[in-house]
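In what follows, a single structure is set out as structure tokens and then discussed.
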Amino acid sequence: MSDLQTPLRPKKKKDWVDYLVMFRWVVVIFVALPISFTIYFLTYLGDVKSAMKSEKRRQKEHEENVKKVVNRLKQRNPKKDGLVCTARKPYIAVGLRNVDYKRARHFEVDLSAFRNIVEIDKERMIAKVEPLVNMGQITRATVPMNLVLAVVAELDDLTVGGLINGYGIEGSSHIYGLFSDTVVAMEVVLADGRVVRATKDNEYSDLFYGIPWSQGTLGLLVSAEIKLIPVKEYMRLTYTPVRGNLKELAQAYADSFAPRDGDTSKVPDFVEAMIYTPTEGVMMTGRYASKEEAEKKGNVINSVGWWFKTWFYQHAQKALKRGEFVEYIPTREYHHRHTRSLYWEGKLILPFGDQWWFRWFFGWLMPPKVSLLKATQGEAVRNYYHDKHVIQDLLVPLYKVGDALEYVHQAMEVYPIWLCPHRLFKLPVKPMVYPEPGFELHHRQGDTSYAQMFTDVGVYYAPAAVLRGEEFNGSEAVRQLEEWMIQNHGFQPQYAVSELTEKNFWRMFDGAHYEHCRRKYGAIGTFMSVYYKSKKGKKTEKEVQEAEAAILEPAYAEET
């Protein structure tokens, strides 16, 4: 079993912020949950109204809204107005980092109307959608057709624009890659007001490969065409308990979806793992199944989407006592299995939220909108979460997952940990996120000649030291974690709180192609740089100007 030792830390004296956090559930119960439910309901009605429109009308409205964006951009005076930002309020973003760049002078462009599914083309197997369409909206439209996006990020609120400009993953990513890898075409409004359609093989192919991870700093995404795949009515899910040390758990996880004999028939449609302790985890593999198969005598159907159901991560944990078991979950409910509990963050937000009485009587109100949680937490609580709470994803090569688990245990001791594999493709250009050079020569487990298998190590929760009332320096822990990722060819999604300096940001990400696109498409002086947009803390007007001036001497230059 694991021989890891828990670091010893001194006890921490409680202050008033600790008590604010401890009783924050009062605000969540009486403010965040009712308002969230109302917003969800009104948004649903808006989605229904949109779906009732003809495809021709949706396309016409889209074209009219694009013209408004172009006209708005042309109103900007570069000498007087600030850099271009969307008009969306800073707290609305699902990510946990501070979006304080909007506190500096900026020129707003309203994209709030871009929330429609423009077209679902069954022949081309493409969904054309606008950037504010979210995952819940898409699956409501496509699953009844036995179709889904090739990669459906788990949480309902995640939007297409955020997933393309940033980062998105799902249990099917070991086949299809990250969310941005499933995009066929992007419609983008450039800094000069031109509207272009970028694909991997047209004249804007460099822009197509440059937009993922750019955080909207190359242009304004106004629609995307995304790959659809055929599915069946149910997911046949197998829960397999595994015990051992962290390296052994990592190997069992790799074996669950990447057969050592290379037999592709053994590769499941879906895979994820949850590590509950340093010695225990549950591997989950799924295959799509028909309604006829699911309803056969003896098969167990589990509709996990009902509000009163046990939270999914706790349900999966039962395999540690029951042993391996199989059940059938309705496809749409499986895709959004982590939404109601926000993985396991719901347990911190509402300590009693997982209790049967709360689930039965109030579970229908869950989850609170992340944006509302951020809007109601205040500066002191926000800073507390940045330093005493971990919301991080480590994207690391599959063969380094065991090392990553051991590092996270020593540095943060956060459980459960989510594992989800994804392919990182070798592309014609070198984008910000890329496989290890020469990976294909090593023939490691899960790798192919065209893609290296990576894994998202999701670390979400309060560190054990904080739960024990001990001192914990979250900022320093994140800085060390980021350095570990840089040394191990890992990447940090930009929604997370980051301590990266500009120099280290470009040590982690490759900036050459990104800067090429910035210059070619006139983004410099119109949109802020991706590092500046991701940077932690408040931004002043002076910092905006200095950041744009410094772009002429790229920070990604080789270290001296």
Side-chain angles (χ1 to χ4, degrees), residues 135-136 139-140 142-144 146-148 151-156 170-175 229-243 249 252-253 255-257 259 265-276 280-344 346-347 353-356 359-360 363-364 366-367 416-421 458:
M135 295 298 99
T139 55
R140 276 196 298 272
T142 61
V143 169
N146 284 348
L147 299 172
V148 295
V151 173
V152 181
E154 287 91 344
L155 303 183
D156 283 29
E170 166 60 301
S172 59
S173 290
H174 64 297
I175 299 172
I229 60 172
V231 297
K232 298 178 181 178
E233 294 86 352
Y234 285 85
M235 182 68 69
R236 182 185 186 276
L237 195 62
T238 302
Y239 303 80
T240 305
V242 178
R243 290 179 171 84
L249 296 182
Y253 156 74
D255 291 340
S256 71
F257 69 93
S265 67
K266 299 178 182 177
V267 177
D269 295 326
F270 266 74
V271 60
E272 70 177 329
M274 284 181 264
I275 309 301
Y276 292 96
E280 294 178 317
V282 175
M283 313 298 145
M284 284 155 282
T285 54
R287 293 182 182 274
Y288 286 113
S290 65
K291 182 179 180 181
E292 291 74 21
E293 177 185 339
E295 293 179 346
K296 286 182 179 178
K297 186 176 180 180
N299 288 342
V300 176
I301 294 177
N302 182 11
S303 297
V304 299
W306 287 103
W307 73 88
F308 51 82
K309 286 282 188 172
T310 303
W311 287 356
F312 184 77
Y313 81 96
Q314 294 177 337
H315 173 68
Q317 192 174 11
K318 294 176 183 177
L320 294 173
K321 292 184 178 179
R322 289 177 55 181
E324 182 174 289
F325 65 96
V326 177
E327 62 186 14
Y328 292 80
I329 300 175
T331 294
R332 185 172 186 272
E333 295 180 23
Y334 176 76
H335 277 294
H336 299 292
R337 61 201 178 279
H338 293 299
T339 291
R340 195 172 300 281
S341 61
L342 298 174
Y343 286 87
W344 29 91
K347 182 66 175 174
D354 60 339
Q355 299 299 303
W356 69 267
R359 288 187 279 107
W360 268 99
W364 52 276
M366 291 289 283
I417 292 175
W418 185 62
L419 300 180
C420 185

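With rounding to the nearest 0.5 Å, the separation of OH in Y234 from CD in E327 is 12.0 Å. The OG1 atom of T285 sits 10.0 Å away from atom CE of M235, with the distance rounded to the nearest 0.5 Å. With rounding to the nearest 0.5 angstrom, the CG atom of D269 is 5.5 Å from the CD1 atom of I175.
Residues V143 and E233 fail the side-chain proximity criterion, which asks for heavy atoms closer than 4.5 Å. Contact of the Y239 side chain with the L237 side chain is registered, since non-hydrogen atoms from C-beta on lie closer than 4.5 Å. Side-chain contact between M366 and W307: absent, with no pair of heavy atoms (C-beta onward) separated by less than 4.5 Å. Counting heavy atoms from C-beta on, the side chains of K309 and N302 come closer than 4.5 Å. Between K232 and T331, every side-chain heavy-atom pair lies at or beyond the 4.5 Å cut-off. Side-chain atoms of M283 and F257, non-hydrogen and from C-beta on, never get closer than 4.5 Å to each other. In this structure the side chain of V282 never reaches within 4.5 angstrom of the side chain of V242, judged on heavy atoms. Under the 4.5 Å side-chain criterion, counting only non-hydrogen atoms from C-beta, P259 is in contact with V267.
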Pairs under 3.5 angstrom only: tabulate donor-acceptor contacts from the side chains of residues 288-297 to other protein residues two or more places apart or in another chain.
unit_1, atom_1, unit_2, atom_2, d
Y288, OH, H335, NE2, 3.3
S290, OG, E293, N, 3.2
E293, OE2, Y328, OH, 2.8

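Looking at residues two or more places apart in sequence or on another chain, you find a salt bridge (charged side-chain N to carboxylate O under 4.0 Å, His left out) between E280 and R243. Checked against ring pair (Phe, Tyr, Trp, His ring centres under 6.0 Å), F312 has the following partners two or more places apart in sequence or in another chain: H338. Qualifying salt bridge (charged side-chain N to carboxylate O under 4.0 Å, His left out) partners for R287, counting only residues two or more places apart in sequence or in other chains: none. Here R337 pairs with E154, E170, E272 under the salt bridge (charged side-chain N to carboxylate O under 4.0 Å, His left out) rule; sequence neighbours left out. Residues passing the ring pair (Phe, Tyr, Trp, His ring centres under 6.0 Å) test with Y313 are W344, sequence neighbours excluded.
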Please report the C-alpha distance between R359 and T310 in whole Å, then the side-chain angles of each, then the deciding distance to 0.1 Å, and finally whether the side chain to side chain contact (heavy atoms under 4.5 Å, CB included) criterion is met. CA-CA 8 Å; R359 288 187 279 107; T310 303; 4.1 Å; yes

Dump the intermediate steps for side chain to side chain contact (heavy atoms under 4.5 Å, CB included) on I275 and W418, then the final yes or no. CA-CA 7 Å; I275 309 301; W418 185 62; over 6 Å; no

Passes ring-ring contact (aromatic ring centres under 6.0 Å, His included), F270 versus H174? Steps please. CA-CA 8 Å; F270 266 74; H174 64 297; 7.6 Å; no

Using the rule given for side chain to side chain contact (heavy atoms under 4.5 Å, CB included), can you reason through V231 versus L147, listing the C-alpha separation, both sets of side-chain angles and the distance that settles it, and then say yes or no? CA-CA 5 Å; V231 297; L147 299 172; 5.7 Å; no

Show your reasoning for whether side chain to side chain contact (heavy atoms under 4.5 Å, CB included) applies to V326 and R236. CA-CA 7 Å; V326 177; R236 182 185 186 276; 3.7 Å; yes

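T240 and E324 share a side-chain donor-acceptor pair at under 3.5 Å.
Of all heavy-atom pairs spanning P421 and V271, the tightest one is CG-CG1, 3.3 Å. Closest approach of I329 to V304, counting heavy atoms only: CG2-CG2, 3.7 Å. Heavy atoms only, all atoms of each residue included: G286 and P268 are closest at O-CB, 3.6 Å. When every heavy atom of S341 is checked against every heavy atom of W311, the shortest pair comes out as CB-CD2, 3.3 Å. Nearest heavy-atom pair, Y253 versus C420, reported as atom, atom and distance to 0.1 Å: OH-C, 3.4 Å. The minimum heavy-atom distance between L249 and G281, with the atom names listed, is CD2-N, 4.1 Å.
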